[in-house]
Every structure is written in C-alpha cells, then in structure tokens.
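Quick note: residue numbers are just sequence positions, from 1. Atom set for the values below is all heavy atoms of this structure, side chains included, hydrogens, waters and symmetry mates excluded. This structure is a prediction, so every number in the text was calculated from the model and none was measured.
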Amino acid sequence: MARFLVTAGPTREAIDPVRYLSNRSSGKMGYAICDALIASGHQVVLVSGPTSLTAPASVEFVAVESALEMLDACQQHWSRCDAMFAVAAVSDYRPASTHEQKMKRVEDSLSLELVANPDIVKLLAADKGQRLVIGFALESENGLQHARGKMVSKNLDFVCLNTPQAQGADVSELTLISDTAQWLLGPCSKPSLATKLVEAILENSNV
Ligand code: C5P
C-alpha cells in the first residue's frame with residue numbers, strides 16, 4: 001500500500017475580494033483518480049482547488065484556493081508520500097498584487113500585471129528520488145511532442161496527454177506516456193478512465 005499525493009481542480013488567483021482568474025477545470029478526473037487509488041487499496045492526500053465535487057470519504061482532504069496555497073499544502077505533505085498525481089489545472093499566472101478593496105470600474109481599458117506561478121509538480125519532482133510522479137498535459141496541437149517535452153523538463157515518470165475537450169466533460173480519453181511506451185485509454189467515462197489509468201500505472205511501475 002502506498003500513499004499518493006493528488007492535486008486536482010482549478011486554482012483561483014485573486015484580483016480583489018470579489019474577482020479572480022481561473023479556468024474551466026471541474027476536478028472530475030482528479031477526484032476519479034482518488035476513487036480508483038482508494039479502490040486499489042492505496043491511501044490518498046487530496047489537495048484540491050475549488051470544485052463542486054464531494055471529496056471521497058477516505059481521503060485526507062486539503063482545500064486550497066490559489067497556486068501558492070496549493071504549493072504550500074503539497075510541500076507539507078510530499079515528504080510522507082510515495083507518489084504524486086498532478087492533475088490540477090494550476091493557473092499559469094496570478095495578479096502581481098491583490099487589491100484589498102473591490103476595484104472601481106474604469107471607463108476605458110484596464111491593464112492587469114500578471115506574474116508566473118511556481119510549477120508545483122516540477123518543484124516536487126526535482127527531489128523525488130525513487131518516488132513516482134505522474135503529470136497531465138492538456139495540449140491542442142503536437143500533443144505527443146509537447147507531452148514528452150514536459151515529461152523530461154518536469155522530471156516525470158508518466159504523462160497523461162489529453163485535449164481541451166476533456167475539461168469538464170463526462171466522457172474522455174487520454175494517451176498515457178512513459179519514456180519507453182504509450183497506451184491509448186478510453187474513450188469512456190472519467191471513473192472508468194481513472195480505473196484504467198491507475199491499473200496501467202500500477203502494472204508498469206514499482207508502486
Ligand atoms: O500547465 P502544464 O501543461 O505545464 O501542466 C502540466 C502538468 O504540470 C500537470 O500535471 C499540472 O498539474 C502540473 N502543473 C503544476 N503547477 C503548475 C503548472 C502545471 O503542478 N504551475
């Protein structure tokens with residue numbers, strides 16, 4: 001039995017107390033992976049951005065909003081985990097500063113300065129040692145090439161390649177990639193896809 005750290009859902013990057021930057025991630029795939037890991041006898045620490053989903057009863061659940069909060073939570077739990085599934089759609093950017101009061105509307109254009117968020121899975125995978133790290137790549141073109149590039153640059157053991165149509169969808173497919181092989185999984189429901197994905201990874205790793 002291994003303990004998996006799973007990130008899921010979108011992050012929200014506050015502009016002011018009522019506005020934020022985010023994306024269309026529903027969290028469904030990450031939560032389905034948690035269910036599949038638990039069904040195969042593993043423990044899960046789920047660090048999740050805001051979603052409308054209910055966390056599986058037996059996960060250790062950590063709710064976060066922003067990418068910086070997600071990084072902090074992951075860093076707190078990573079040393080006690082044997083593997084990581086980075087499923088979260090982390091916002092690439094956050095506002096350079098968050099306004100304390102609601103920003104007033106301006107008549108013409110408004111520029112917002114953004115700064116890059118840290119790459120959570122890359123930071124954690126940098127000192128993974130023997131631990132297994134699986135990332136996702138959502139690509140709209142040259143998917144295999146970009147996914148393989150991410151596997152190398154982020155020090156990942158597996159990458160799950162999917163397309164923008166997967167966001168929020170109930171039925172999905174993905175290509176699981178390792179440095180020596182690839183597997184096409186689905187199309188099927190996200191719970192079935194998560195089960196196939198977890199089975200394929202467990203069969204092809206030492207976890
Ligand atoms: O956004 P990108 O395509 O680089 O994301 C690929 C992988 O990296 C995903 O597994 C995602 O969860 C992870 N990631 C992350 N922190 C970021 C950006 C992406 O953990 N800031």
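- Ring orientation note: the planes of Tyr31 and Phe61 are nearly perpendicular, at an angle over 60° on the 30°/60° scale.
- Between Cys74 and Thr7 the shortest side-chain heavy-atom distance falls below 4.5 Å.
- Panel note: side chain Glu13, backbone Ala67; a donor-acceptor pair is recorded below 3.5 Å.
- Heavy atoms from other residues, nucleotides or ligands lying under 6.0 Å from CG of Asn142 number more than 12.
- Ring planes of Phe4 and His42: perpendicular class, angle over 60° (limits at 30 and 60°).
- The shortest side-chain heavy-atom distance between Ser40 and Leu202 falls under the 4.5 Å cut-off.
- Side chains of Phe85 and Cys34 form no contact here, defined as non-hydrogen atoms less than 4.5 Å apart.
- More than 12 heavy atoms of other residues, nucleotides or ligands sit less than 6.0 Å from atom NZ of Lys128.
- Residues Tyr20 and Ser91 form no side-chain contact, since every pair of their non-hydrogen atoms from C-beta on lies 4.5 Å or further apart.
- Two residues are said to be in side-chain contact when any heavy atoms from C-beta on lie closer than 4.5 Å; Asp157 and Ile134 fail this criterion.
- Judged by distance alone, the side chain of Thr163 and the main-chain N or O of Ser140 form no donor-acceptor pair under 3.5 Å.
- The salt bridge (Lys or Arg N to Asp or Glu O under 4.0 Å) contacts involving residues 21-30 comprise Lys28-Asp170, where partners must be two or more places apart or lie in separate chains.
- Atoms CZ and NZ, from Arg148 and Lys150 in turn, are 14.0 Å apart once rounded to the nearest 0.5 Å.
- Counting heavy atoms from C-beta outward, Leu193 and Leu174 have side chains that approach closer than 4.5 Å.
- For the pair Thr51 and Gly9, the tightest heavy-atom approach, listed with the atom from each and the gap, is CG2-CA, 4.0 Å.
- Across all non-hydrogen atoms, the minimal contact from Ser22 to Pro10 is OG-CB, 3.7 Å.
- The shortest non-hydrogen separation linking Val115 to Pro95 is CG2-O, 4.4 Å.
- Side-chain heavy-atom separations under 4.5 angstrom define the hydrophobic clusters, and the remaining members of the one that includes Leu21 are Ile15, Tyr93, Met103, Val106, Leu110, Leu112, Leu114.
- By the 4.5 Å heavy-atom criterion applied to side chains, Asn155 and Lys122 are not counted as neighbours.
- Other residues sharing a hydrophobic cluster with Leu144 under the 4.5 Å side-chain heavy-atom criterion for ILVMFWY residues are Leu5, Val45, Val47, Val62, Val64, Met70, Leu71, Trp78, Met84, Val90, Ile120, Val121, Leu123, Leu124, Val133, Met151, Leu156, Val159, Leu161, Ile177.
- Looking at Met29 and Leu197, their side chains come closer than 4.5 Å, going by heavy atoms from C-beta outward.
- Closest approach of Gly41 to Met1, counting heavy atoms only: O-CG, 2.8 Å.
- Shown here for Arg80 and Arg3, the closest heavy-atom pair between the two residues is O-NH1, 2.6 Å.
- Across every non-hydrogen atom of Lys154 and Ala125, the tightest pair is O-CB, 3.2 Å.
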